[in-house]
Amino acid sequence: PRFAQVRKPLPYIVFSIHRKVTRRALAERPRSAPMSMSEALQNWCRQAFLLDLTPTRRWSYLCFAGSLLVALASHQFIGPVKVSIFMDVVGTETEPLAKSLVMLVLVPCLVSYSILVSLVKSPGALVAIVCTFYGALYALITVVHMLSGGHPGAWLAWVLYYATETKGVIVMPMIWSVIADISTPDLAKKAYPVMFFVVQLGGILGSLVAIQVSDLGGELGLLLMQAASFVLIAGLAVVGCRLADDSASDDAGTALAPAAAIAAAEGAAAAAAASAAAAASAEVRGVRGGWAVAVEKVSAGFGGLWSDGFEGLWLLLSRPYVFMAFWVSYANLMPRTVLDYQNSVLGVTMYDTREDQIAFFGKVNMMINCGTAVLTLLGTGPIVQSIGVGYSLLILPIGMLLCIGALCLHYSLGMSSAALVLVCIIAYGLNSPCKEMLYVRTSREIKYKAKSWSEMYGNQLMKLFGAQMNLWVNREAAFCTPHCFHSGATAGVTGAWVVLWFGIAWRLGVQHRQLEKDDAIVK
């Protein structure tokens, strides 16, 4: 019959569909003249130097980038000092226990920080207060270390350990929160890639400082530099906040993305509610006595602080997308803590003096930061644009599985260093930018409240899991040296962990692609 359908092979059908889709895409794509090499270079320079922004806004972002640069540089050179002093004074076998207790130490720090955020409304003042506290703490550590003649007591090693651990999860995330507070999604997309690259330059600088520890006054010199660095961190952040306030009028006409518009509407509603509450409070104040009003204000203040402190945790646990983003952002820290501990043990065993150990750890950090800088400058953008955010999140678990397997097959200092460098480059250069992109499709409450809980506890929770592997499976002790690393158990546990991580990343990528397709956000 004339209308009878003819059976065609499956490859032919697939090829026909692909050809039709390709032709439609080419037809719908706007045609433009090919860009010359000079035009492409000019376009890259405009993006790299933020020339599309107003001068005040550009200088504001540069000040914040400088603050982050100094923060990461100081963290890079104080980290090896922390490890070297702690392992020399307290012992390598105690480090997994110290890592496990970080979660406990972080609880009062997080509560105090949350209360401070609620009480201090100015972002610049918030940064100044936190930096003043840590600057005074490191100055005290420096003085005690100097008075001990380079042989501090165990208590100082513990204080330095937890000061460095808590600083790492408070100072830089706080500055990023301030940046997010003054940025729209459009500005973030323009400025964040450049800022990630600038921050990695700070990591390179910090690694160079650690390598040259002998020429910079040894441990005492690095501790003094860490204490002084908080002046720069706070100063640049405060200047960035003031410039952002000055440029607010220039950006008033900029159109907001849908997520930002929703966030602005929600913020306006919250402001209206706060205004109504203030009016009601004023009305009550006119009727009731001053003492009763004061008691009510104090009670309401504590209730508000309690609610603000734990609303983010509820959003994190009750929204599957947010929880998956939290897991995928920090799941790499569990096996990476195993790699980091093994590299520290092998490095301390290989090098006798603390200065040589600090220089070795500085070289490892130097390779990580150089590789991350190259990746963020040349590779992160093309990778995300070609395969998308969801598929980009799958690269790190695959690389982690290969690196753990390589270390289990050939346990040596060279292999542990190579594995640690590779996974850190992928984590910092690709996974971290993708993490920030995931939160674009969320509401304002999730961006600020849930993300703060995620960043504060994500690091330490995953490191806690890794510390248990180091404590119960691979702990360095005299009775097992030099065969304390159990490759079979390490490969089995981390392999199961990576499979779970890969599955969550895959599901998160599917949901993110659906949100992009629907132009929706998670509330």
Side-chain angles (χ1 to χ4, degrees), residues 49-50 53-78 109-110 112-139 163-164 166-184 187-188 190-206 209 224-251 428 432-433 436 439 447-449 451-452 455-456 459:
F49 294 101
L50 303 178
L53 306 182
T54 61
T56 308
R57 178 69 69 176
R58 182 166 59 250
W59 279 106
S60 173
Y61 279 120
L62 289 176
C63 287
F64 283 120
S67 180
L68 289 168
L69 183 150
V70 177
L72 182 59
S74 62
H75 192 69
Q76 288 292 322
F77 67 69
I78 204 62
C109 294
L110 180 58
S112 302
Y113 176 75
S114 300
I115 295 174
L116 188 64
V117 170
S118 300
L119 296 177
V120 181
K121 302 303 181 182
S122 170
L126 177 66
V127 175
I129 293 172
V130 173
C131 289
T132 300
F133 170 77
Y134 276 106
L137 180 59
Y138 275 98
T164 305
T166 57
K167 173 185 72 73
V169 297
I170 289 179
V171 175
M172 290 191 67
M174 174 184 61
I175 299 173
W176 277 112
S177 297
V178 173
I179 296 170
D181 195 27
I182 56 96
S183 300
T184 64
L187 290 173
K190 293 178 181 179
Y192 278 23
V194 179
M195 296 184 73
F196 268 100
F197 172 71
V198 174
V199 171
Q200 293 309 314
L201 296 181
I204 295 172
L205 177 62
V209 171
L224 184 60
M225 291 173 62
Q226 171 65 91
S229 68
F230 287 105
V231 177
L232 276 176
I233 295 171
L236 289 170
V238 169
V239 173
C241 290
R242 291 181 179 176
L243 290 174
D245 292 338
D246 294 340
S247 64
S249 58
D250 298 335
D251 299 332
Y428 296 146
S432 292
E436 299 297 335
Y439 283 98
K447 284 188 178 77
Y448 288 94
K449 298 180 180 179
K451 192 171 183 287
S452 65
E455 298 214 359
M456 290 289 184
N459 269 288

Ignoring hydrogens, what is the shortest heavy-atom contact between Gly66 and Leu236? Give both atom names and the distance.
C-CD1, 3.5 Å
For Tyr134, give me all partners under ring-ring contact (aromatic ring centres under 6.0 Å, His included), at least two apart in sequence or on another chain.
none
Got a donor-acceptor contact below 3.5 angstrom from the Ser60 side chain to the Thr56 backbone?
no
In this structure, CZ of Phe230 is separated from CZ of Phe133 (nearest 0.5 Å) by 10.0 Å
Backbone of Ile179 reached by a side-chain donor or acceptor of Tyr61 within 3.5 Å
no
Heavy-atom closest pair (Ser74 atom, Gln226 atom, distance to 0.1 Å) is O-OE1, 3.4 Å
Output the distance between atom CG (Leu62) and atom CG (Leu69), rounded to the nearest 0.5 Å.
11.5 Å
If we check side-chain contact (heavy atoms from CB on, under 4.5 Å) with Ser229, which of these qualifies: Ile233, Leu232, Val231?
Ile233
Might you point out which heavy atoms bring Arg57 and Ala244 nearest each other, and give the distance in Å?
NH1-CB, 4.1 Å
Nearest atoms (heavy-atom pairs only) where Val127 meets Met174:
CA-CE, 3.9 Å
Write down the atom of Cys109, the atom of Thr166, and the distance for their closest heavy-atom approach.
SG-CG2, 4.0 Å
Identify the heavy atoms of Ala163 and Leu137 that sit nearest to each other, and give their distance.
CB-CD2, 3.6 Å
Side-chain heavy atoms of Thr164 within contact of Tyr138, under 4.5 Å
yes
Which distance, rounded to the nearest 0.5 Å, do you find between the CD1 of Ile170 and the CD1 of Ile175?
12.0 Å
Just wondering, do Leu126 and Leu116 contact through their side chains at under 4.5 Å, heavy atoms?
yes
Quick check for you: to the nearest 0.5 Å, what is the distance between Met225 atom CE and Ile78 atom CD1?
9.5 Å
Could you tell me the separation between the CG atom of Leu119 and the CD1 atom of Ile129, rounded to the nearest 0.5 Å?
9.0 Å
Is the shortest side-chain heavy-atom distance between Leu205 and Leu201 below 4.5 Å?
no
Between His75 and Met172, is there a side-chain heavy-atom distance shorter than 4.5 Å?
no
Using a 3.5 Å distance criterion without hydrogens, assess whether the side chain of Ser67 forms a donor-acceptor pair with backbone atoms of Phe64.
no
